[in-house]
Amino acid sequence: MQSVFTDCPHREKLGWLEQVHLNGPGLLYNYDLTAYAPQIMQNMADAQHPNGAMPTTAPEYVVFEGPGMDAFAESPEWGGSLVIFPFMYYETYGDDSLIMKYYQHMRRYTDYLKTRADNGILSFGLGDWYDYGDFRAGFSRNTPVPLVATAHYYMTVMYLIKAARMVGNEFDVRYYSSLAHDIMVAFNKRFLDSNTAQYGTGSQASNALPIFLQMTQSTGDKGDYTPDASLTAKVLTNLIKDVESHGNRLTTGDVGNRYLIQTLARNGQHELIYKMFNHEEAPGYGFQLKFGATTLTEQWDPRQGSSWNHFMMGQIDEWFFNSLIGIRPSTTLSASVNEKDGPMQGYQKFIIAPKPVGDLKYAKSTYETLYGTILVDWTRQNGTFTLNVSVPVNSTAIVYLPGEKEPKEVQSGTYKFVAAE
């Protein structure tokens, strides 16, 4: 965090934009970004090109030109931060000012992507950059670039629909809802193998993205974005099998990591996530620690070279907070464009739903909200789960204990809950 969210302080020193939204939740959990985030948004708005295109870095100190540089210049997984990040800010702080202020910029960018799409499919960009395999990481090897690009194109349109509702532009709601439907149909027609319930190459990123974005539907009327539950379950099964077939290891990279982790988490696969990272082998954070790294490395295997000071692989931090400790806002932005989100409350009312996993005996964390400090401290001993919670003044917590369906709602204060595992 040196003027911008910098990839590394020693080499490129650029504000690569994919890190803003892919690590956005982790950044918002760790830092007060009420001043920093508006500056990042202004940087993006200032860097936007007259035709609506977004460069991969903001400020755009370096212009990538020449053969093969199109991917580096305007990759949609990077430029999409202009549309995605304001909603993460809104969800965290209950402040919609960035959406209101930059709506026209967001719409211009989405319109630009439409000019680059071929029948709903976007085919340029860096894709799942630095994914993992028996090769030196770099350009996406496991997952088709058009799949990743089109999924992010769809996500950008979805968020713009939400923004259009918020600013009261019903024409844009109808227009972009129709566009989102067309993209979803084109995506499934191009990438879904309905016989095997696999997307793209069947890689982890290929299957995680459509589940995360609720795109698992190949047909449907305009305005119907309800995912096919049966198809979703089959794709999820394939995703889990792929992780297990790699020895409970990931194959995703800079972009796919968040969608893999959060897709598994949102579908209750916390034990699998724990297995994926509770070891000292590559790919994983334990190997980087064993290797002697004191900051996250650019590649999962730092022996392969590249930077030894990158935060782009830090998406696990989001899971630490929203699952392992279990702190998350009570009102969250739904993934479906068909669902109308209510106003975000910015942690004045929040959920605590810890997910103890594996052989972990305790976890403790604090989170600084605009209303004060949330403290969560849990332990497991002799079949008993003990949870200590501190709720800030003028705030409300909805507490879910592991294994219990009915939550407990508590106001500001300090509480202790005990449950049998």
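Source: prediction; values computed, not measured.
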For this session: Answer yes if the side chains of Asp317 and Asn30 hold a donor-acceptor pair under 3.5 Å, and no otherwise.
Result: yes

Exercise. Going through the checks in order, is the side chain to side chain contact (heavy atoms under 4.5 Å, CB included) test met by Tyr153 and Leu179?
Worked result: CA-CA 10 Å; Tyr153 175 31; Leu179 177 60; 3.7 Å; yes

For this session: Using a cut-off of 6.0 Å, state whether more than 12 heavy atoms not belonging to Lys241 lie near its atom NZ.
Result: no

Exercise. If you take all heavy atoms of Pro392 and Ser390, which pair is closest and at what distance?
Worked result: CD-O, 4.0 Å

For this session: Heavy atoms only: give me the nearest Phe291-Arg303 pair and the separation to one decimal.
Result: CE1-CG, 3.5 Å

Exercise. With a 3.5 Å cut-off and no angle check, do the side chains of Asp359 and Tyr274 form a donor-acceptor pair?
Worked result: yes

Exercise. Do Asn248 and Glu244 have side-chain atoms, one donor and one acceptor, less than 3.5 Å apart?
Worked result: no

Problem set entry | CD1 on Ile352 to CG on Leu401, rounded to 0.5 Å | 10.0 Å

Seminar exercise, completed: Correct closest heavy-atom pair for Val145 and Ser123 would be CG1-O, 4.3 Å

Exercise. Are any side-chain N or O atoms of Thr373 and backbone N or O atoms of Glu368, one a donor and one an acceptor, separated by less than 3.5 Å?
Worked result: no

Problem set entry | Donor-acceptor pair between Tyr112 and Arg116 side chains, under 3.5 angstrom | yes

For this session: Would you name the heavy atoms of Tyr154 and Ala180 that are closest together and state the gap between them?
Result: CE1-O, 3.3 Å

Problem set entry | Flag for Asp111-Tyr176: side-chain donor and acceptor within less than 3.5 Å | yes

Problem set entry | CD/Gln381: more than 12 non-hydrogen atoms of other groups inside 6.0 Å | no

For this session: Check whether more than 12 heavy atoms from other residues, nucleotides or ligands sit under 6.0 Å from atom CG of Asp193, and answer yes or no.
Result: yes

Exercise. When rounded to the nearest 0.5 angstrom, what distance separates CD in Glu60 from CG in Leu14?
Worked result: 10.0 Å

Exercise. Do the side chain of Asp131 and the main chain of Ala205 share a donor and acceptor less than 3.5 angstrom apart?
Worked result: no

For this session: Just do the side chain to side chain contact (heavy atoms under 4.5 Å, CB included) check on Thr252 and Asp128 with the steps written out, would you?
Result: CA-CA 7 Å; Thr252 48; Asp128 189 16; 3.9 Å; yes

For this session: Could you tell me the separation between the CD atom of Gln19 and the CG atom of Leu27, rounded to the nearest 0.5 Å?
Result: 9.0 Å

For this session: Please confirm whether the backbone N or O of Ala208 pairs with a side-chain atom of Thr263, one donor and one acceptor, at under 3.5 Å?
Result: yes

For this session: Write down the atom of Trp308, the atom of Thr295, and the distance for their closest heavy-atom approach.
Result: O-OG1, 2.7 Å

For this session: Keeping the roles fixed (side chain from Thr331, backbone from Gln345), state whether a donor-acceptor pair exists under 3.5 Å.
Result: yes

Problem set entry | Distance-only polar pair, side chains of Thr384 and Asn382, donor-acceptor under 3.5 Å | no

Exercise. Would you say the side chains of Ser395 and Ser412 form a donor-acceptor pair under 3.5 Å?
Worked result: no

For this session: Would you check if the side chain of Asn142 reaches a backbone N or O of Ser203 as a donor-acceptor pair within less than 3.5 Å?
Result: no

For this session: Apply the side chain to side chain contact (heavy atoms under 4.5 Å, CB included) test between Asn257 and each candidate in Gln315, Gln262, Gln204, Met312; give the one that qualifies.
Result: Gln315

Exercise. With no hydrogens and no angle check, do the side chains of Thr34 and Asp32 hold a donor and an acceptor under 3.5 Å apart?
Worked result: yes

For this session: Check the pair Ser307 / Asn309 against side-chain hydrogen bond (donor to acceptor under 3.5 Å, both in side chains), numbers first and verdict last.
Result: CA-CA 5 Å; Ser307 165; Asn309 192 339; 5.8 Å; no

Exercise. About how many Å separate CG of Leu260 and CD1 of Ile211, when rounded to the nearest 0.5 Å?
Worked result: 10.0 Å

Problem set entry | Glu74 and Trp78 side chains, donor-acceptor separation under 3.5 Å | no

Problem set entry | Stacked cation flag Arg328 on Phe321, 6.0 angstrom / 45 deg | no

For this session: Take Trp319 and His270, measure what side-chain hydrogen bond (donor to acceptor under 3.5 Å, both in side chains) needs, and give me the verdict at the end.
Result: CA-CA 9 Å; Trp319 180 76; His270 300 284; 3.1 Å; yes

For this session: Indicate whether any N or O donor in one side chain lies under 3.5 Å from an N or O acceptor in the other, for Tyr199 and Asn238.
Result: no

Problem set entry | N/O donor-acceptor pair under 3.5 Å between Tyr130 side chain and Trp300 backbone | no

Exercise. In chain order, what residues pass the salt bridge (Lys or Arg N to Asp or Glu O under 4.0 Å) check against Arg249, with sequence neighbours excluded?
Worked result: Glu281

Seminar exercise, completed: Sorted by chain and residue number, the ring pair (Phe, Tyr, Trp, His ring centres under 6.0 Å) partners of Phe191 (sequence neighbours excluded) come out as Phe187

Exercise. Stepwise, does the side-chain hydrogen bond (donor to acceptor under 3.5 Å, both in side chains) test hold for Ser306 with Arg136?
Worked result: CA-CA 10 Å; Ser306 298; Arg136 189 181 188 279; 3.2 Å; yes

For this session: Kindly compute the distance separating CD1 (Ile121) from CZ (Arg190), expressed to the nearest 0.5 Å.
Result: 5.5 Å

For this session: Please report the closest heavy-atom contact between Lys13 and Asp7, naming both atoms and the distance.
Result: N-OD1, 3.5 Å

For this session: Check whether more than 12 heavy atoms from other residues, nucleotides or ligands sit under 6.0 Å from atom OH of Tyr31, and answer yes or no.
Result: no

Problem set entry | Step-by-step ring-ring contact (aromatic ring centres under 6.0 Å, His included) determination, Trp378 to Phe385 | CA-CA 7 Å; Trp378 61 254; Phe385 180 86; 5.6 Å; yes

For this session: To the nearest 0.5 angstrom, please state how far the CD1 atom of Ile325 sits from the OG1 atom of Thr366.
Result: 9.5 Å

Exercise. Distance-only, no hydrogens or angles: does the Glu77 side chain make a donor-acceptor pair with backbone N or O of Asp254 under 3.5 Å?
Worked result: no

For this session: Check whether NZ of the Lys or CZ of the Arg Arg141 lies under 6.0 Å from the centre of the six-membered ring of Phe135 and within 45 degrees of that ring's axis.
Result: yes

